[in-house]
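Reading through the C-alpha coordinates given below for one structure.
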Amino acid sequence: MSDRETARFRVLLFGPARERASADHVLVDAPVGTACAGLLQAMGAQHPALAFVLPAARLAVNHALAPADRVPDPGDEIALIALVDGG
Amino acid sequence: MSDRETARFRVLLFGPARERASADHVLVDAPVGTACAGLLQAMGAQHPALAFVLPAARLAVNHALAPADRVPDPGDEIALIALVDGG
Amino acid sequence: MSVQARIVDGPLDPQAPEASPGSGAVLRFEGVVRPVEPQGPGGAPRELAALHYETYDPMAERSLAALATEMLARHRVHAIRVLHSRGRVSAGAISFTLEVRAAHRAEAIAALTEFIDRMKRDVPIWKRPVWR
Amino acid sequence: MSVQARIVDGPLDPQAPEASPGSGAVLRFEGVVRPVEPQGPGGAPRELAALHYETYDPMAERSLAALATEMLARHRVHAIRVLHSRGRVSAGAISFTLEVRAAHRAEAIAALTEFIDRMKRDVPIWKRPVWR
(Lines give C-alpha, C1' and ligand atoms only; values in the text may rest on other atoms or scores of the structure.)
Protein backbone atom coordinates (compact mmCIF):
# COMPACT_ATOMS: atom_id res chain seq x y z
CA MET A 1 0.00 0.00 0.00
CA SER A 2 1.26 3.51 -0.72
CA ASP A 3 1.04 6.35 1.82
CA ARG A 4 -1.90 7.76 -0.09
CA GLU A 5 -3.91 4.60 0.31
CA THR A 6 -3.36 4.02 4.01
CA ALA A 7 -4.38 6.22 6.91
CA ARG A 8 -3.39 6.03 10.56
CA PHE A 9 -6.24 6.21 13.07
CA ARG A 10 -5.89 6.93 16.77
CA VAL A 11 -8.37 4.88 18.82
CA LEU A 12 -8.96 5.80 22.48
CA LEU A 13 -9.20 2.94 24.99
CA PHE A 14 -11.12 2.57 28.23
CA GLY A 15 -11.88 -0.03 30.85
CA PRO A 16 -10.58 -3.57 30.34
CA ALA A 17 -9.22 -2.67 26.89
CA ARG A 18 -7.11 0.10 28.36
CA GLU A 19 -5.83 -2.21 31.09
CA ARG A 20 -5.00 -5.01 28.68
CA ALA A 21 -3.20 -2.69 26.28
CA SER A 22 -1.53 -0.75 29.11
CA ALA A 23 -2.22 2.35 27.07
CA ASP A 24 -4.97 4.94 26.74
CA HIS A 25 -4.94 4.65 22.96
CA VAL A 26 -3.62 2.58 20.06
CA LEU A 27 -2.74 3.51 16.51
CA VAL A 28 -4.40 1.53 13.74
CA ASP A 29 -3.41 1.60 10.08
CA ALA A 30 -6.16 1.00 7.59
CA PRO A 31 -6.93 1.89 3.99
CA VAL A 32 -8.51 5.29 3.45
CA GLY A 33 -12.26 4.77 3.28
CA THR A 34 -12.34 1.91 5.78
CA ALA A 35 -15.61 1.80 7.72
CA CYS A 36 -15.88 1.23 11.46
CA ALA A 37 -16.34 -2.55 11.11
CA GLY A 38 -13.12 -2.83 9.10
CA LEU A 39 -11.27 -0.54 11.47
CA LEU A 40 -12.18 -2.79 14.41
CA GLN A 41 -10.91 -5.82 12.53
CA ALA A 42 -7.66 -4.03 11.66
CA MET A 43 -7.29 -3.06 15.31
CA GLY A 44 -7.68 -6.69 16.41
CA ALA A 45 -5.10 -7.84 13.88
CA GLN A 46 -2.56 -5.14 14.69
CA HIS A 47 -3.07 -5.28 18.48
CA PRO A 48 -3.81 -8.91 19.32
CA ALA A 49 -4.09 -8.06 23.03
CA LEU A 50 -7.33 -6.27 22.10
CA ALA A 51 -8.86 -9.12 20.08
CA PHE A 52 -10.78 -10.24 23.20
CA VAL A 53 -13.04 -7.17 23.09
CA LEU A 54 -14.09 -7.55 19.45
CA PRO A 55 -17.35 -9.47 20.09
CA ALA A 56 -18.69 -6.61 22.24
CA ALA A 57 -16.88 -3.76 20.51
CA ARG A 58 -18.25 -0.71 18.76
CA LEU A 59 -16.60 2.56 17.89
CA ALA A 60 -17.67 6.02 18.89
CA VAL A 61 -16.86 8.74 16.40
CA ASN A 62 -16.78 12.26 17.80
CA HIS A 63 -18.58 11.15 20.98
CA ALA A 64 -21.45 9.28 19.37
CA LEU A 65 -21.77 5.54 18.76
CA ALA A 66 -21.15 4.96 15.07
CA PRO A 67 -22.90 2.40 12.86
CA ALA A 68 -20.68 -0.34 11.44
CA ASP A 69 -20.74 1.22 7.97
CA ARG A 70 -19.73 4.72 9.06
CA VAL A 71 -16.47 5.80 7.45
CA PRO A 72 -14.47 7.80 9.95
CA ASP A 73 -11.93 10.42 9.05
CA PRO A 74 -8.43 10.06 10.53
CA GLY A 75 -8.97 13.48 12.15
CA ASP A 76 -12.10 12.32 14.03
CA GLU A 77 -11.98 11.44 17.72
CA ILE A 78 -12.41 7.68 17.65
CA ALA A 79 -12.98 5.61 20.80
CA LEU A 80 -13.36 1.91 21.42
CA ILE A 81 -16.62 1.26 23.27
CA ALA A 82 -16.69 -2.28 24.62
CA LEU A 83 -19.15 -2.51 27.48
CA VAL A 84 -19.16 -5.99 28.88
CA ASP A 85 -20.77 -5.00 32.16
CA GLY A 86 -21.03 -1.23 32.30
CA GLY A 87 -22.83 1.16 34.62
CA MET B 1 -87.60 -20.97 57.89
CA SER B 2 -87.55 -21.21 61.66
CA ASP B 3 -85.35 -19.01 63.87
CA ARG B 4 -82.98 -21.90 64.32
CA GLU B 5 -82.38 -22.23 60.64
CA THR B 6 -81.70 -18.60 59.84
CA ALA B 7 -78.93 -16.40 61.15
CA ARG B 8 -78.49 -12.65 60.95
CA PHE B 9 -75.09 -11.39 59.76
CA ARG B 10 -73.75 -7.87 60.16
CA VAL B 11 -71.71 -6.82 57.12
CA LEU B 12 -69.52 -3.71 57.35
CA LEU B 13 -69.50 -1.36 54.37
CA PHE B 14 -66.83 0.94 52.96
CA GLY B 15 -66.24 3.18 49.98
CA PRO B 16 -68.89 3.36 47.26
CA ALA B 17 -70.98 0.64 48.97
CA ARG B 18 -71.15 2.69 52.15
CA GLU B 19 -72.12 5.79 50.18
CA ARG B 20 -74.77 3.98 48.16
CA ALA B 21 -76.29 2.34 51.24
CA SER B 22 -75.94 5.52 53.33
CA ALA B 23 -74.90 3.24 56.18
CA ASP B 24 -71.70 1.79 57.58
CA HIS B 25 -73.20 -1.70 57.74
CA VAL B 26 -76.15 -3.79 56.62
CA LEU B 27 -77.84 -6.79 58.21
CA VAL B 28 -78.19 -9.89 56.06
CA ASP B 29 -80.34 -12.90 56.90
CA ALA B 30 -79.15 -16.23 55.60
CA PRO B 31 -79.47 -19.88 56.53
CA VAL B 32 -77.03 -21.12 59.12
CA GLY B 33 -74.08 -22.68 57.29
CA THR B 34 -74.21 -20.27 54.33
CA ALA B 35 -70.78 -19.71 52.80
CA CYS B 36 -69.41 -16.32 51.78
CA ALA B 37 -70.58 -16.67 48.17
CA GLY B 38 -74.14 -17.27 49.31
CA LEU B 39 -73.99 -14.50 51.85
CA LEU B 40 -73.01 -12.02 49.13
CA GLN B 41 -75.96 -13.16 47.01
CA ALA B 42 -78.32 -12.80 49.95
CA MET B 43 -76.93 -9.33 50.58
CA GLY B 44 -77.60 -8.29 46.99
CA ALA B 45 -81.16 -9.63 47.17
CA GLN B 46 -82.00 -8.03 50.51
CA HIS B 47 -80.21 -4.72 49.77
CA PRO B 48 -80.67 -4.06 46.04
CA ALA B 49 -78.74 -0.78 46.32
CA LEU B 50 -75.66 -2.93 46.87
CA ALA B 51 -76.18 -5.24 43.90
CA PHE B 52 -73.86 -3.04 41.81
CA VAL B 53 -70.82 -4.13 43.81
CA LEU B 54 -71.38 -7.87 43.47
CA PRO B 55 -69.13 -8.43 40.43
CA ALA B 56 -66.10 -7.08 42.33
CA ALA B 57 -67.17 -8.11 45.82
CA ARG B 58 -65.47 -10.39 48.32
CA LEU B 59 -65.94 -10.70 52.04
CA ALA B 60 -63.35 -10.32 54.72
CA VAL B 61 -63.90 -12.43 57.82
CA ASN B 62 -62.11 -11.26 60.92
CA HIS B 63 -59.85 -8.95 58.89
CA ALA B 64 -58.74 -11.45 56.29
CA LEU B 65 -60.08 -11.97 52.77
CA ALA B 66 -62.17 -15.12 52.86
CA PRO B 67 -62.47 -17.72 50.11
CA ALA B 68 -65.94 -18.09 48.55
CA ASP B 69 -66.56 -21.39 50.36
CA ARG B 70 -65.64 -20.13 53.82
CA VAL B 71 -68.61 -20.46 56.21
CA PRO B 72 -68.63 -17.44 58.52
CA ASP B 73 -70.11 -17.46 61.98
CA PRO B 74 -72.68 -14.74 62.77
CA GLY B 75 -70.32 -13.61 65.55
CA ASP B 76 -67.44 -12.97 63.12
CA GLU B 77 -66.51 -9.49 61.96
CA ILE B 78 -67.60 -9.55 58.33
CA ALA B 79 -66.80 -6.77 55.88
CA LEU B 80 -67.67 -6.19 52.25
CA ILE B 81 -64.47 -5.68 50.25
CA ALA B 82 -65.29 -4.30 46.81
CA LEU B 83 -62.25 -2.58 45.35
CA VAL B 84 -63.09 -1.15 41.99
CA ASP B 85 -60.15 1.23 41.92
CA GLY B 86 -58.44 1.12 45.27
CA GLY B 87 -55.15 2.51 46.57
CA MET C 1 -34.78 -9.16 55.63
CA SER C 2 -37.35 -6.74 56.93
CA VAL C 3 -40.90 -5.58 56.36
CA GLN C 4 -42.49 -2.34 57.49
CA ALA C 5 -46.10 -1.43 56.70
CA ARG C 6 -47.97 1.51 58.09
CA ILE C 7 -51.15 3.53 57.53
CA VAL C 8 -50.55 7.19 58.29
CA ASP C 9 -53.08 9.98 58.78
CA GLY C 10 -52.84 12.60 56.02
CA PRO C 11 -50.13 13.15 53.40
CA LEU C 12 -46.73 11.45 53.56
CA ASP C 13 -43.45 13.30 53.70
CA PRO C 14 -41.03 12.92 50.83
CA GLN C 15 -38.16 11.04 52.42
CA ALA C 16 -34.64 10.15 51.53
CA PRO C 17 -34.22 6.39 51.59
CA GLU C 18 -32.33 5.00 54.53
CA ALA C 19 -28.84 3.64 54.05
CA SER C 20 -28.83 -0.01 52.95
CA PRO C 21 -25.22 -1.06 52.61
CA GLY C 22 -25.94 -4.67 51.66
CA SER C 23 -28.42 -4.03 48.85
CA GLY C 24 -27.28 -3.17 45.35
CA ALA C 25 -30.64 -1.78 44.29
CA VAL C 26 -33.04 0.52 46.07
CA LEU C 27 -36.28 1.24 44.24
CA ARG C 28 -38.76 3.72 45.59
CA PHE C 29 -42.20 4.55 44.29
CA GLU C 30 -44.23 7.56 45.35
CA GLY C 31 -47.88 7.92 44.50
CA VAL C 32 -48.88 11.57 44.23
CA VAL C 33 -52.47 12.82 44.11
CA ARG C 34 -52.95 14.13 40.58
CA PRO C 35 -54.45 17.62 40.23
CA VAL C 36 -56.75 16.55 37.42
CA GLU C 37 -58.71 13.30 37.07
CA PRO C 38 -61.48 12.09 34.80
CA GLN C 39 -64.83 12.37 36.54
CA GLY C 40 -65.91 8.75 36.54
CA PRO C 41 -64.68 6.08 34.11
CA GLY C 42 -64.15 7.64 30.70
CA GLY C 43 -65.38 10.98 32.02
CA ALA C 44 -64.14 14.45 31.22
CA PRO C 45 -61.07 15.71 33.14
CA ARG C 46 -61.89 17.75 36.20
CA GLU C 47 -59.77 19.58 38.76
CA LEU C 48 -59.27 17.78 42.00
CA ALA C 49 -58.73 19.44 45.37
CA ALA C 50 -57.84 16.24 47.19
CA LEU C 51 -58.45 12.56 47.57
CA HIS C 52 -60.01 11.18 50.72
CA TYR C 53 -58.76 7.72 51.66
CA GLU C 54 -60.92 5.42 53.73
CA THR C 55 -59.23 2.38 55.26
CA TYR C 56 -60.67 -0.68 56.93
CA ASP C 57 -58.62 -0.89 60.11
CA PRO C 58 -56.73 -2.87 61.20
CA MET C 59 -57.12 -5.05 58.11
CA ALA C 60 -55.58 -2.47 55.75
CA GLU C 61 -52.27 -2.32 57.59
CA ARG C 62 -52.20 -6.07 58.14
CA SER C 63 -52.87 -6.69 54.45
CA LEU C 64 -50.03 -4.39 53.46
CA ALA C 65 -47.67 -6.24 55.81
CA ALA C 66 -48.81 -9.65 54.60
CA LEU C 67 -48.39 -8.60 50.98
CA ALA C 68 -44.92 -7.22 51.68
CA THR C 69 -43.93 -10.47 53.38
CA GLU C 70 -45.23 -12.49 50.44
CA MET C 71 -43.38 -10.32 47.88
CA LEU C 72 -40.20 -10.45 49.94
CA ALA C 73 -40.17 -14.23 49.83
CA ARG C 74 -41.32 -14.64 46.24
CA HIS C 75 -38.93 -12.15 44.69
CA ARG C 76 -36.08 -12.72 47.17
CA VAL C 77 -35.68 -9.07 47.98
CA HIS C 78 -34.05 -7.81 51.19
CA ALA C 79 -36.55 -5.32 52.54
CA ILE C 80 -39.89 -3.71 51.77
CA ARG C 81 -41.22 -0.58 53.40
CA VAL C 82 -44.70 0.68 52.59
CA LEU C 83 -46.68 3.65 53.84
CA HIS C 84 -50.21 4.59 52.83
CA SER C 85 -52.28 7.62 53.76
CA ARG C 86 -55.61 7.60 55.54
CA GLY C 87 -57.97 10.59 55.26
CA ARG C 88 -57.49 13.70 53.16
CA VAL C 89 -54.47 14.19 50.91
CA SER C 90 -54.38 17.33 48.78
CA ALA C 91 -53.55 17.32 45.08
CA GLY C 92 -49.77 17.33 44.62
CA ALA C 93 -49.12 15.58 47.93
CA ILE C 94 -47.91 12.02 48.44
CA SER C 95 -50.39 9.36 49.54
CA PHE C 96 -48.34 6.20 49.05
CA THR C 97 -44.68 5.21 49.18
CA LEU C 98 -43.17 1.82 48.53
CA GLU C 99 -39.47 1.13 48.92
CA VAL C 100 -37.84 -2.13 47.89
CA ARG C 101 -34.23 -3.12 48.52
CA ALA C 102 -32.69 -6.02 46.68
CA ALA C 103 -29.38 -7.35 45.44
CA HIS C 104 -30.21 -6.47 41.85
CA ARG C 105 -32.67 -4.23 40.08
CA ALA C 106 -34.64 -6.99 38.35
CA GLU C 107 -35.97 -8.42 41.62
CA ALA C 108 -36.71 -4.95 42.94
CA ILE C 109 -38.72 -4.00 39.85
CA ALA C 110 -40.65 -7.28 39.85
CA ALA C 111 -41.51 -7.01 43.56
CA LEU C 112 -42.59 -3.38 43.27
CA THR C 113 -44.75 -3.96 40.21
CA GLU C 114 -46.54 -6.98 41.66
CA PHE C 115 -46.96 -5.31 45.05
CA ILE C 116 -48.84 -2.35 43.58
CA ASP C 117 -51.04 -4.50 41.34
CA ARG C 118 -51.98 -6.72 44.26
CA MET C 119 -52.50 -3.81 46.64
CA LYS C 120 -55.06 -2.22 44.34
CA ARG C 121 -56.94 -5.49 44.21
CA ASP C 122 -56.66 -6.82 47.77
CA VAL C 123 -55.90 -4.12 50.31
CA PRO C 124 -59.04 -2.51 51.79
CA ILE C 125 -58.38 1.13 51.03
CA TRP C 126 -60.92 3.24 49.16
CA LYS C 127 -60.44 6.68 47.67
CA ARG C 128 -63.05 9.34 47.12
CA PRO C 129 -62.38 12.43 44.98
CA VAL C 130 -62.89 15.86 46.50
CA TRP C 131 -63.56 18.02 43.43
CA ARG C 132 -62.55 21.63 43.30
CA MET D 1 -41.17 17.78 30.32
CA SER D 2 -37.58 17.92 31.50
CA VAL D 3 -34.35 15.96 31.34
CA GLN D 4 -31.35 16.27 33.62
CA ALA D 5 -28.24 14.10 33.21
CA ARG D 6 -25.01 14.55 35.10
CA ILE D 7 -21.77 12.72 35.85
CA VAL D 8 -20.59 13.51 39.38
CA ASP D 9 -17.20 12.86 40.99
CA GLY D 10 -17.45 10.28 43.78
CA PRO D 11 -20.50 8.88 45.56
CA LEU D 12 -23.97 10.41 45.22
CA ASP D 13 -26.02 11.73 48.12
CA PRO D 14 -29.29 10.02 48.97
CA GLN D 15 -31.83 12.69 48.11
CA ALA D 16 -35.47 13.27 48.68
CA PRO D 17 -37.26 13.64 45.36
CA GLU D 18 -38.30 17.14 44.44
CA ALA D 19 -41.95 18.08 44.51
CA SER D 20 -43.76 17.25 41.28
CA PRO D 21 -47.34 18.32 41.67
CA GLY D 22 -48.48 17.31 38.19
CA SER D 23 -47.15 13.75 38.19
CA GLY D 24 -49.07 10.92 39.79
CA ALA D 25 -46.09 8.58 39.93
CA VAL D 26 -42.51 9.21 40.98
CA LEU D 27 -40.17 6.25 40.64
CA ARG D 28 -36.63 6.45 41.88
CA PHE D 29 -33.87 3.90 41.53
CA GLU D 30 -30.61 3.98 43.44
CA GLY D 31 -27.70 1.76 42.54
CA VAL D 32 -25.55 0.98 45.56
CA VAL D 33 -22.08 -0.58 45.42
CA ARG D 34 -22.48 -4.09 46.83
CA PRO D 35 -20.01 -5.12 49.55
CA VAL D 36 -19.51 -8.56 48.02
CA GLU D 37 -19.22 -9.49 44.35
CA PRO D 38 -18.17 -12.59 42.45
CA GLN D 39 -14.58 -12.27 41.30
CA GLY D 40 -15.03 -12.57 37.56
CA PRO D 41 -18.00 -14.19 35.80
CA GLY D 42 -19.12 -17.21 37.82
CA GLY D 43 -16.31 -16.62 40.30
CA ALA D 44 -16.33 -17.01 44.06
CA PRO D 45 -17.76 -14.14 46.13
CA ARG D 46 -15.13 -11.70 47.38
CA GLU D 47 -15.32 -8.62 49.59
CA LEU D 48 -15.22 -5.36 47.74
CA ALA D 49 -13.78 -2.11 49.10
CA ALA D 50 -15.10 0.06 46.28
CA LEU D 51 -15.84 0.33 42.61
CA HIS D 52 -13.87 2.71 40.42
CA TYR D 53 -15.90 4.20 37.58
CA GLU D 54 -14.17 5.39 34.44
CA THR D 55 -16.18 7.58 32.08
CA TYR D 56 -15.48 8.70 28.54
CA ASP D 57 -16.14 12.42 28.77
CA PRO D 58 -18.11 14.23 27.52
CA MET D 59 -19.72 11.33 25.68
CA ALA D 60 -20.94 9.63 28.88
CA GLU D 61 -23.01 12.60 30.04
CA ARG D 62 -24.27 13.30 26.53
CA SER D 63 -25.32 9.67 26.12
CA LEU D 64 -27.23 9.74 29.40
CA ALA D 65 -29.05 12.89 28.31
CA ALA D 66 -29.84 11.48 24.86
CA LEU D 67 -31.12 8.27 26.38
CA ALA D 68 -33.28 10.18 28.86
CA THR D 69 -34.73 12.27 26.04
CA GLU D 70 -35.50 9.15 24.02
CA MET D 71 -37.17 7.39 26.97
CA LEU D 72 -39.17 10.53 27.80
CA ALA D 73 -40.67 10.60 24.32
CA ARG D 74 -41.19 6.87 23.91
CA HIS D 75 -42.82 6.25 27.28
CA ARG D 76 -44.55 9.65 27.52
CA VAL D 77 -43.20 10.38 30.97
CA HIS D 78 -42.93 13.91 32.37
CA ALA D 79 -39.35 14.10 33.60
CA ILE D 80 -36.20 12.04 33.93
CA ARG D 81 -33.27 12.89 36.16
CA VAL D 82 -30.15 10.76 36.12
CA LEU D 83 -26.87 11.03 38.01
CA HIS D 84 -23.90 8.69 37.70
CA SER D 85 -20.66 8.63 39.64
CA ARG D 86 -17.18 8.99 38.20
CA GLY D 87 -14.13 7.71 40.13
CA ARG D 88 -14.13 5.81 43.41
CA VAL D 89 -17.34 4.86 45.21
CA SER D 90 -17.02 2.80 48.39
CA ALA D 91 -19.10 -0.28 49.08
CA GLY D 92 -22.47 0.73 50.51
CA ALA D 93 -22.46 4.12 48.79
CA ILE D 94 -24.65 5.21 45.88
CA SER D 95 -23.15 5.38 42.39
CA PHE D 96 -26.28 5.86 40.28
CA THR D 97 -29.69 7.43 40.69
CA LEU D 98 -32.51 7.55 38.19
CA GLU D 99 -35.77 9.36 38.86
CA VAL D 100 -38.78 9.17 36.57
CA ARG D 101 -42.00 11.20 36.93
CA ALA D 102 -45.08 10.19 35.02
CA ALA D 103 -48.83 10.39 35.13
CA HIS D 104 -49.13 6.69 36.04
CA ARG D 105 -46.85 4.03 37.38
CA ALA D 106 -46.86 1.80 34.29
CA GLU D 107 -45.06 4.36 32.13
CA ALA D 108 -42.63 5.15 34.92
CA ILE D 109 -41.70 1.50 35.40
CA ALA D 110 -41.31 0.90 31.65
CA ALA D 111 -39.12 3.97 31.18
CA LEU D 112 -36.92 3.15 34.17
CA THR D 113 -36.44 -0.48 33.16
CA GLU D 114 -35.54 0.32 29.56
CA PHE D 115 -33.29 3.20 30.58
CA ILE D 116 -31.11 0.99 32.79
CA ASP D 117 -30.88 -1.82 30.24
CA ARG D 118 -29.85 0.61 27.52
CA MET D 119 -27.44 2.47 29.77
CA LYS D 120 -25.50 -0.70 30.55
CA ARG D 121 -25.20 -1.39 26.83
CA ASP D 122 -24.62 2.05 25.33
CA VAL D 123 -23.30 4.57 27.83
CA PRO D 124 -19.49 4.65 28.00
CA ILE D 125 -18.94 4.04 31.71
CA TRP D 126 -16.68 1.24 32.93
CA LYS D 127 -16.34 -0.08 36.44
CA ARG D 128 -13.32 -1.71 38.01
CA PRO D 129 -13.51 -3.56 41.34
CA VAL D 130 -11.21 -2.51 44.15
CA TRP D 131 -10.97 -5.69 46.24
CA ARG D 132 -10.51 -5.60 49.95
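Throughout, protein chains are lettered first and strands after them, A, B, ... in sequence-line order, and every chain is numbered starting at 1.
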| How far apart are the closest heavy atoms of B:L83 and C:R121, and which atoms are they? | CD1-O, 3.0 Å
| remark: So ring pair (Phe, Tyr, Trp, His ring centres under 6.0 Å) across residues 12-68 of chain B, not counting sequence neighbours, yields B:F14-C:Y56, B:F14-C:W126, B:H63-C:Y56
| Neighbour count above 12 (heavy atom, 6.0 Å) for C:R46 CZ | yes
| Rounded distance [0.5 Å steps], CZ in B:R18 versus CZ in C:R128 | 10.0 Å
| task | Answer with side chain, backbone, both or neither: which region of C:D57 has an atom nearer than 4.5 Å to a non-hydrogen atom of chain B? | result | backbone
| query | Measuring heavy-atom distances to chain B, does C:S85 have an atom under 4.5 Å in its side chain, in its backbone, in both, or in neither? | reply | neither
Show the atom names and distances, to 0.1 Å, of all donor-acceptor pairs under 3.5 Å that link a side chain in residues 26-41 of chain B to residues at least two apart or in another chain.
from  : atom 1 : to    : atom 2 : distance (Å)
B:D29 : OD1    : B:R8  : NE     : 2.8
B:D29 : OD2    : B:R8  : NH2    : 3.0
B:T34 : OG1    : B:P31 : O      : 2.6

| said: Given heavy-atom pairs under 4.5 angstrom as the criterion, report whether the side chain, backbone, both or neither of B:A64 touches chain C. | reply: backbone
